[in-house]
Student: 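Please read through the structure below; I'll follow up with questions.
In this text the structure is predicted, and so the values were computed from the model without any measurement.
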Amino acid sequence: MSEKFAEFVKNTNTVVVSSAVNNQPSSRIMRFATPVAGGNIWYVITAPTAPKATEFASNEKVAVITLPTESGAVISSNTTTIKLSDKSVADVKELFGEQIPGFLDMMPEAVLLAEVVYEITFKSAKLDTWTSHEIVEFD
């Protein structure tokens with residue numbers, strides 16, 4: 001695990017996830033939490049009936065990019081996959097509460113627990129700042 005990747009992840013919790021089905025691209029902003037600081041697996045939560053859930057089931061290959069931090073740090077990758085997790089929202093709820101201040105206050109408990117968890121897995125990632133660029137590979 002890259003210390004630099006861990007540092008970048010620590011400073012963000014918002015990612016744009018882009019997918020394509022039948023040559024139709026789609027992007028959405030999602031909040032993420034990580035089970036291991038700086039690890040190559042991120043969790044995102046969505047409604048099981050959302051259009052993006054259908055897209056993810058049709059094509060597990062996605063591209064991701066985080067929003068730039070104040071220092072210009074951005075994580076991007078086109079070697080990521082997304083799949084429905086075997087974790088429930090109850091399993092990851094604490095991670096989201098710790099890593100995304102106010103996240104648990106945004107949704108009523110019943111709505112939150114009706115959501116499903118997806119895992120984004122990185123094979124590699126590009127770490128960019130205003131002045132540096134680095135590729136990180138994961139096993």
Student: Mark yes or no for whether T129, through its side chain, and G72, through its backbone, hold a donor-acceptor pair below 3.5 Å.
Tutor: no
Student: Just by distance, do the side chain of N59 and the backbone of A20 share a donor-acceptor pair under 3.5 Å?
Tutor: yes
Student: Listing request: all ring-ring contact (aromatic ring centres under 6.0 Å, His included) pairs with a residue in residues 83-107, at least two apart in sequence or in separate chains.
Tutor: F96-F103
Student: In chain order, what residues pass the salt bridge (Lys or Arg N to Asp or Glu O under 4.0 Å) check against E119, with sequence neighbours excluded?
Tutor: none
Student: Checking the side chain of S2 only, and the main-chain atoms of V136 only, is there a donor and an acceptor separated by less than 3.5 Å?
Tutor: no
Student: Would you list the pairs meeting salt bridge (charged side-chain N to carboxylate O under 4.0 Å, His left out) in which at least one residue belongs to residues 19-45, sequence neighbours left out?
Tutor: R28-E55
Student: Mind checking side chain to side chain donor-acceptor pair (under 3.5 Å) for S76 and listing every partner two or more places apart, or none if nothing turns up?
Tutor: none
Student: Would you call the rings of W42 and F32 parallel, tilted or perpendicular, taking 30° and 60° as the class edges?
Tutor: parallel
Student: To the closest 0.5 Å, what do you measure between CD1 (I65) and OG (S18)?
Tutor: 8.5 Å
Student: Side chain to side chain donor-acceptor pair (under 3.5 Å) with E109: which residues, sequence neighbours excluded?
Tutor: K93
Student: Grab the two heavy atoms, one from F8 and one from V74, that are nearest each other, plus how far apart they are.
Tutor: CE2-O, 3.6 Å
Student: Which pairs pass salt bridge (charged side-chain N to carboxylate O under 4.0 Å, His left out) with one or both residues in residues 80-92, sequence neighbours excluded?
Tutor: none
Student: I need the full list of salt bridge (charged side-chain N to carboxylate O under 4.0 Å, His left out) pairs touching residues 70-80, with sequence neighbours left out, sorted by first then second residue.
Tutor: none
Student: Where the side chain of E115 meets the backbone of A47, is there a donor-acceptor pair that is under 3.5 Å apart?
Tutor: yes
Student: The criterion is salt bridge (Lys or Arg N to Asp or Glu O under 4.0 Å); which residues satisfy it with K4, sequence neighbours excluded?
Tutor: E134
Student: Output all residues satisfying side chain to side chain donor-acceptor pair (under 3.5 Å) with S77, sequence neighbours left out; order by chain, then residue number.
Tutor: T79
Student: Taking only residues two or more places apart in sequence, or in another chain, which ones meet E7 in a salt bridge (Lys or Arg N to Asp or Glu O under 4.0 Å)?
Tutor: K10
Student: Residues in side chain to side chain donor-acceptor pair (under 3.5 Å) with T81, at least two apart?
Tutor: none
Student: Whether the side chain of N40 engages the backbone of F122 through a donor-acceptor N/O pair (distance < 3.5 Å, no angle test) should be reported.
Tutor: yes
Student: Can you spot which of T46, V44, V89, L84 makes a side-chain contact (heavy atoms from CB on, under 4.5 Å) with V117?
Tutor: V89
Student: F56: what forms a ring-ring contact (aromatic ring centres under 6.0 Å, His included) with it, not counting sequence neighbours?
Tutor: Y118
